[in-house]
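A short write-up of the structure that comes next.
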Amino acid sequence: MDIKKVIDKIVVNSKASIDDIVSILNSNCNDYLFEQANNIRKKYCGDKVELRAIIEFSNYCRCDCLYCGINRQNTSLNRYRMKLDEIIECAKKASKMQ
Ligand code: SF4
C-alpha cells in the first residue's frame with residue numbers, strides 16, 4: 001500500500017480509519033506525514049504563536065475519557081467547584097497578567 005496515498009486521503013477527508021493509522025505507524029514515512037501535518041497547521045493557524053489560559057472553575061466531570069485525570073471514575077480526587085465571585089476574581093487577576 002502506498003502510504004503517501006493513505007496520508008493524502010486523510011488530509012482530504014479529515015478522517016482516518018484504524019487501518020489507516022496502523023498503516024502509518026508501521027511505515028517509515030515520517031517526513032511526508034510531518035510535511036502534511038505542517039501544511040495543515042499553516043492553513044489553520046499560520047505561523048503565529050497563541051498563548052491562552054483557562055480558568056478551571058471546577059474539576060467535576062461526568063465523562064470517562066481514559067487519558068484524563070479528572071474523569072468521573074477517578075474517586076481519589078478532591079473535587080472542587082469555584083464560586084462565582086472566585087471565578088470573577090481569578091479572571092481579573094488573569095487580565096492583569098497580559
Ligand atoms: S477530558 Fe476530562 S474533563 Fe474533559 S470531558 Fe473528558 S473526562 Fe471530562
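Predicted model only: the values in this text are computed from it and were never measured. Ligands are counted one by one from 1 in listed order, and the atoms in each one are counted from 1 as well. Here, residue 1 is the first one in the sequence, and each next residue gets the next number.
Applying the 6.0 Å contact sphere to CG of Leu25 captures more than 12 heavy atoms from other residues, nucleotides or ligands.
Donor-acceptor pairing under 3.5 Å is recorded for the side chains of Ser17 and Asp20.
In terms of protein heavy atoms, atom 6 (Fe) of ligand 1 is closest to Cys65 SG, 2.4 Å. Tyr67 OH, 3.5 Å is the protein heavy atom nearest to atom 1 (S) of ligand 1.
Residue Cys61: an N/O/S atom is found under 2.8 Å from atom 8 (Fe) of ligand 1. Among the atoms of Cys68, an N, O or S atom is found under 2.8 Å from atom 2 (Fe) of ligand 1.
Taking CD1 of Ile70 as the start and OG of Ser58 as the end, the distance is 7.5 Å to the nearest 0.5 Å. Atom-to-atom distance recorded for Ser23:OG and Asp2:CG is 11.0 Å, nearest 0.5 angstrom.
Of the possible polar contacts, none joining the Asn13 side chain to the Lys15 backbone as a donor-acceptor pair under 3.5 Å is found.
Using a 4.0 Å cut-off to heavy atoms of Asn71, the atoms of ligand 1 that qualify are 7 (S).
In this structure, atom 4 (Fe) of ligand 1 is not in close contact with the protein, since no protein heavy atom lies within 4.0 Å of it.
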